[in-house]
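Data block below; observations after.
Keep in mind that the numbers below use all heavy atoms, side chains included, and drop hydrogens, waters and symmetry copies. To find a chain, count down the sequence lines: A is the first, B the second, and so on, and within it residues start at 1.
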Number of protein chains: 2
Amino acid sequence: MSKILNTSHCNQCVYRTWAFNKLDQEALSLINQHKTEVFYRKGEVICRQGENIAHFLYLRKGLVKLLTTEKNDREHIISIGKPLDFIGLLSIFSKQQHAYTITAIEDSVVCFVEIDVLKQLMAQNGEFALDFLEKSSRVADDVIATRLNINTKQLRGRIAYILMFFSSHIYNAMAFELPVSRKEIAQLIDMSTENVIRILSEFRKDGIIEIEGKLIKILDYQKLQKVYDLG
Amino acid sequence: MSKILNTSHCNQCVYRTWAFNKLDQEALSLINQHKTEVFYRKGEVICRQGENIAHFLYLRKGLVKLLTTEKNDREHIISIGKPLDFIGLLSIFSKQQHAYTITAIEDSVVCFVEIDVLKQLMAQNGEFALDFLEKSSRVADDVIATRLNINTKQLRGRIAYILMFFSSHIYNAMAFELPVSRKEIAQLIDMSTENVIRILSEFRKDGIIEIEGKLIKILDYQKLQKVYDLG
DNA sequence: TGTCATACCTGATATATATCATAAGATTTT
DNA sequence: AAAATCTTATGATATATATCAGGTATGACA
């Protein structure tokens with residue numbers, strides 16, 4: 001079960017010099033008073049699509065997925081969020097309800113900051129607001145670019161993308177343990193689970209990767225890059 | 001050819017009560033001094049992917065498309081922008097170069113506001129910045145939601161979406177003239193030109209629409225909605 | 001310890017969609 | 001006004017991808 005943590009002060013937070021570098025000590029203290037830090041075990045739901053938005057969410061540790069559920073109760077994954085990624089996405093500021101469900105795909109620590117406090121600080125401090133605008137723009141831009149990218153590629157290119165994504169963006173290593181199932185990969189890059197498995201096997205046969213369950217080892221990054229570029 | 005217009009004062013602009021409602025007269029005058037209004041004929045390029053960003057773009061009149069060109073010089077349309085839509089998208093604040101090319105698909109008037117002036121005003125005026133953040137969030141959110149939506153639907157659903165989009169979001173009418181070619185529709189909703197044409201024909205045979213070249217008349221909106229919902 | 005469910009894997013088949021081919025209007029260019 | 005080019009159109013074919021079916025392995029759970 002998720003549990004509320006003994007809250008550490010914002011001064012110690014990884015976000016301090018990132019999202020909050022334009023804030024003075026007084027402002028940080030205000031945020032500190034209006035935040036809650038929660039630990040989630042892998043698989044737990046952090047917030048649900050449709051729920052009222054009362055907080056801005058900072059992912060301090062771990063990995064999460066943003067997803068929507070469609071009528072045919074098929075889940076569709078929008079993106080994977082890592083610390084410093086502004087996991088609330090922008091819907092936080094433009095909508096009353098959460099547009100997406102967020103769940104932990106690794107043990108995670110999320111900080112809930114009351115959104116009214118954040119808005120108040122922005123209204124008072126234009127530099128902070130502008131900085132925040134720039135940072136959140138980047139998140140949305142990335143999501144849009146990624147979605148476009150995935151759509152224009154076919155299956156092999158998409159799998160190549162996902163492997164490169166985990167390798168360079170998330171773990172920064174050639175060998176890593178996939179934090180998601182084949183099914184979740186399928187939901188993320190718009191293809192069937194069977195084909196995710198099939199193409200991973202193809203890559204193995206082609207000598208691009210080594211597979212052992214969730215453990216992936218990239219043997220030939222150049223070749224992977226080429227597959228990606230070809231689409 | 002595009003031409004610079006005799007600039008009217010920002011007081012008269014449609015954006016004044018929209019994006020600029022948090023600004024006082026002094027700030028508006030500053031913007032007024034640092035803007036240029038340009039008329040573009042249908043088909044002309046407003047800005048190019050890769051160009052340095054120096055201005056925020058307001059579409060005062062007309063209709064534009066945002067697109068990227070891929071290696072195989074195929075064009076991909078990200079979205080259609082109408083007045084009040086923040087056509088610069090968010091890349092304006094997170095990047096140094098334009099991420100997309102923008103071209104006029106109808107005769108258009110675009111206002112170029114120096115971005116440094118805008119940033120300066122935001123830094124000075126938190127309320128303005130926050131307001132701006134909320135409004136631009138909505139644009140990015142819409143694009144993301146639309147892209148996801150299109151991907152999850154198959155051809156008939158996508159064509160239904162496009163017809164509903166022009167009918168309700170752009171023209172607010174059951175009969176309208178498509179401002180784009182079948183090929184451009186294909187580039188916007190990720191399908192082949194031939195299939196765009198084919199499925200429009202199907203819809204005609206099904207009694208959903210009437211077609212006469214670019215003129216479209218929706219005969220049965222309910223049925224169209226049903227096709228859309230089915231995916 | 002065994003049963004149940006879930007994740008992985010692979011082959012065969014079905015289906016949606018792209019591509020190719022061809023042709024008749026439109027538009028633009030010369 | 002003729003030539004050239006683009007858009008719309010439709011049928012035939014190819015192909016990418018999903019679906020279905022049958023496995024084994026893996027982990028949860030009683």
Interatomic distance, [X] [atom1] vs [N] [atom2] [rounded to whole Å]:
{"X": "B:Q187", "N": "C:dA18", "atom1": "CD", "atom2": "P", "result": "13 Å"}
{"X": "A:L178", "N": "C:dA7", "atom1": "CG", "atom2": "P", "result": "14 Å"}
{"X": "A:I159", "N": "D:dT17", "atom1": "CD1", "atom2": "P", "result": "11 Å"}
{"X": "B:M191", "N": "C:dT15", "atom1": "CE", "atom2": "P", "result": "20 Å"}
{"X": "B:R182", "N": "C:dA24", "atom1": "CZ", "atom2": "P", "result": "19 Å"}
{"X": "A:K153", "N": "D:dA16", "atom1": "NZ", "atom2": "P", "result": "16 Å"}
{"X": "A:I199", "N": "C:dG11", "atom1": "CD1", "atom2": "P", "result": "14 Å"}
{"X": "B:I185", "N": "D:dC6", "atom1": "CD1", "atom2": "P", "result": "19 Å"}

Original post:
If you pin A:E194 and A:Q154 to their nearest nucleotides in DNA chain D, which one's is more 5'?
Top reply: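 Looking at DNA chain D, the more 5' nearest nucleotide goes with A:Q154.
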
Would you indicate what [X] reaches in the nucleic acid, counting non-hydrogen atoms under 4.0 angstrom: base, sugar-phosphate, or nothing?
{"X": "B:T193", "answer": "nothing"}
{"X": "B:R156", "answer": "nothing"}
{"X": "A:S181", "answer": "sugar-phosphate"}

Original post:
Under 4.0 Å: is that the gap between some side-chain N or O of A:K214 and OP1 or OP2 of C:dC8?
Top reply: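 Looking at the OP1 and OP2 atoms of C:dC8, one of them is under 4.0 Å from a side-chain N or O of A:K214.
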
Original post:
Can a side chain N or O of A:N195 be found less than 4.0 Å away from OP1 or OP2 on D:dA18?
Top reply: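 For D:dA18, OP1 or OP2 has a side-chain N or O of A:N195 closer than 4.0 Å.
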
Subject >> Pairing of B:R147 and B:D142 as salt bridge, 4.0 angstrom limit >> reply: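 No, B:R147 and B:D142 are not salt-bridged.
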
Original post:
In terms of side-chain heavy atoms, does A:H76 have a donor or acceptor partner in A:D190 at a distance below 3.5 Å?
Top reply: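 Side-chain D/A pair, A:H76 to A:D190: present.
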
Original post:
Distance only, no hydrogens: is a donor on one side chain within 3.5 Å (strictly under) of an acceptor on the other, for A:Y58 and A:D85?
Top reply: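 Per modelled atom types, A:Y58 and A:D85 side chains form no pair under 3.5 Å.
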
Of the nucleotides [options], which has the atom closest to the [X] side chain?
{"X": "A:S192", "options": "C:dC9, D:dA18, D:dT10", "result": "D:dA18"}
{"X": "B:I197", "options": "D:dT8, C:dT10, C:dT19", "result": "D:dT8"}
{"X": "A:R204", "options": "C:dT19, D:dA18, C:dT10", "result": "C:dT10"}
{"X": "A:I211", "options": "C:dA18, C:dC9, D:dA9", "result": "C:dC9"}

**OP:** Would you kindly check whether a donor in the side chain of A:R198 faces an acceptor in the base of D:dT19, or vice versa, at under 3.5 angstrom?
**Re:**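 Flag set: donor-acceptor pair detected.
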
**OP:** Apply the ring pair (Phe, Tyr, Trp, His ring centres under 6.0 Å) test between A:F56 and each candidate in A:Y15, A:F112, A:F86; give the one that qualifies.
**Re:**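 Looking at A:Y15, A:F112, A:F86, the match for A:F56 under the ring pair (Phe, Tyr, Trp, His ring centres under 6.0 Å) is A:F86.
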
Original post:
Quick check, are the ring centers of A:Y171 and A:F165 under 6.0 angstrom apart?
Top reply: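 So the answer is no for these two rings.
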
